[in-house]
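As the structure is a computational prediction, the values presented were derived from the model and not from experiment. Counting convention: from 1, in listed order, for ligands and their atoms alike.
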Amino acid sequence: MAFTIAIDGPAAAGKGTVSKAVADHFGFAHLDTGLLYRATGRRTLDGTDPVEAARALVAADLDAADLRTPEVAQAASRVAAIPEVRHALVDFQRAFARRAGGAVLDGRDIGTVICPEAEVKLFVTADDDVRARRRLAELTGKSIGTTYEEVLADLRTRDARDSARADAPLKPAEDAVVLDTSTMTIDEAVAAAIAEIDRRRSADAPESP
Ligand code: C5P
């Protein structure tokens with residue numbers, strides 16, 4: 001049976017970590033849709049046309065080692081503002097979302113555009129300062145040299161571009177539950193997400209005769 005969990009939110013709010021943990025908990029497949037835009041953006045850095053790059057994307061591109069760099073993140077957010085790029089990536093995401101056995105997709109427009117019919121929609125967010133500190137720790141852990149100021153500027157530039165674009169801007173779906181993780185540990189954020197999903201699953205379950 002298909003069951004889709006849409007998890008959206010700004011950069012470094014914790015949605016990737018929450019999504020992976022939720023997918024593991026329920027035994028669902030997980031797609032980090034940011035990787036589609038990062039893989040597309042990465043190809044444009046060597047001069048490839050963004051729309052051609054999106055259309056030519058293959059699964060192996062999502063495994064490239066350097067997709068997490070700030071340079072690729074900025075390229076991702078630039079190509080993500082091009083409607084033809086977004087259009088080229090829609091079918092893959094929708095097919096993934098409706099696969100048998102359940103799916104968790106995280107991104108910016110999953111609850112609003114890709115899967116408006118998702119059974120559960122979460123919007124995971126956190127204060128800028130908290131997000132910048134978390135992303136700095138993540139990048140430093142991967143030996144990617146940067147500073148707090150650079151990380152904060154990167155997040156704010158991307159959030160502004162992602163929120164202002166005409167096509168599929170970053171915003172919570174009207175029926176999304178907002179999860180502010182600013183003062184939560186990872187375990188607390190995951191527990192809150194699982195509690196919300198359990199609540200929705202039992203509300204949707206057919207009543208026993
Ligand atoms: O989630 P992540 O930070 O990896 O996303 C990189 C960029 O890809 C975002 O800044 C955003 O511009 C774009 N993106 C998007 N829609 C999605 C997922 C990511 O526009 N569903």
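Of the N or O atoms in Gln93, none lie within a sub-3.5 Å distance of an N or O in ligand 1. At a 3.5 angstrom cut-off on N or O pairs, Arg158 counts as close to ligand 1. Residue-to-ligand polar distances place Asp162 within reach of ligand 1: an N/O pair is separated by less than 3.5 Å.
Transitive grouping of hydrophobic side chains (ILVMFWY, heavy atoms separated by less than 4.5 Å) keeps Val178 and Leu122 in distinct clusters. Using a 4.5 Å cut-off between side-chain heavy atoms of Ile, Leu, Val, Met, Phe, Trp and Tyr, with links allowed through other members, Tyr37 and Ile114 fall into the same hydrophobic cluster.
Of all heavy-atom pairs spanning Gly111 and Ala173, the tightest one is O-CB, 3.8 Å.
Applying the 4.0 Å criterion to heavy atoms of Ala80 picks out, from ligand 1, the atoms 12 (O), 13 (C), 20 (O). If you number the atoms of ligand 1 from 1 as listed, the ones under 4.0 Å from a heavy atom of Gly107 come out as 17 (C), 18 (C), 21 (N). Each of the atoms 1 (O) of ligand 1 lies under 4.0 Å from some heavy atom of Lys15. Remark: ligand 1 atoms within the under-4.0 Å shell around heavy atoms of Ser77 are 10 (O), 12 (O).
Considering Asp129, Asp128, Asp127 in turn, Asp128 is the only one that fulfils the salt bridge (Lys or Arg N to Asp or Glu O under 4.0 Å) rule with Arg131.
Other residues, nucleotides and ligands place more than 12 heavy atoms under 6.0 Å from the CG atom of Leu45. More than 12 heavy-atom neighbours from other residues, nucleotides or ligands sit within 6.0 angstrom of CD on Glu150.
At a 4.0 Å cut-off, not a single heavy atom of Arg78 sits close enough to ligand 1 to count as contact.
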**OP:** Determine, stepwise, if the pair Leu31 / Arg99 fulfils side-chain contact (heavy atoms from CB on, under 4.5 Å).
**Re:** CA-CA 12 Å; Leu31 178 64; Arg99 67 203 279 149; over 6 Å; no

**OP:** Begin with the C-alpha distance, continue with both residues' side-chain angles, and end with the deciding distance and a verdict on side-chain contact (heavy atoms from CB on, under 4.5 Å) for Asp8 and Lys15.
**Re:** CA-CA 7 Å; Asp8 291 304; Lys15 60 185 188 309; 5.6 Å; no

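Taking 4.0 Å as the cut-off between side-chain N and carboxylate O, Arg199 and Glu196 count as a salt-bridged pair.
With hydrogens left out, the protein atom closest to atom 16 (N) of ligand 1 is Arg86 NH2, 3.0 Å, a heavy atom. At the shortest separation from atom 18 (C) of ligand 1 among protein heavy atoms lies Thr33 OG1, 3.4 Å. For atom 8 (O) of ligand 1, the closest non-hydrogen atom on the protein side is Tyr37 CB, 3.4 Å. The shortest contact between atom 4 (O) of ligand 1 and any protein heavy atom is with Arg38 NE, 2.6 Å.
Contacts between Arg161 and ligand 1 below 4.0 angstrom, taking non-hydrogen atoms only, are absent altogether. With a 4.0 Å cut-off on non-hydrogen atoms, Arg108 touches ligand 1 through its backbone as well as its side chain. Counting heavy atoms under 4.0 Å from ligand 1, residue Arg165 touches it through the side chain alone.
With Tyr148 as the aromatic partner, Arg133 does not meet the cation-pi criteria of under 6.0 angstrom to the ring centre and within 45 degrees of the ring axis.
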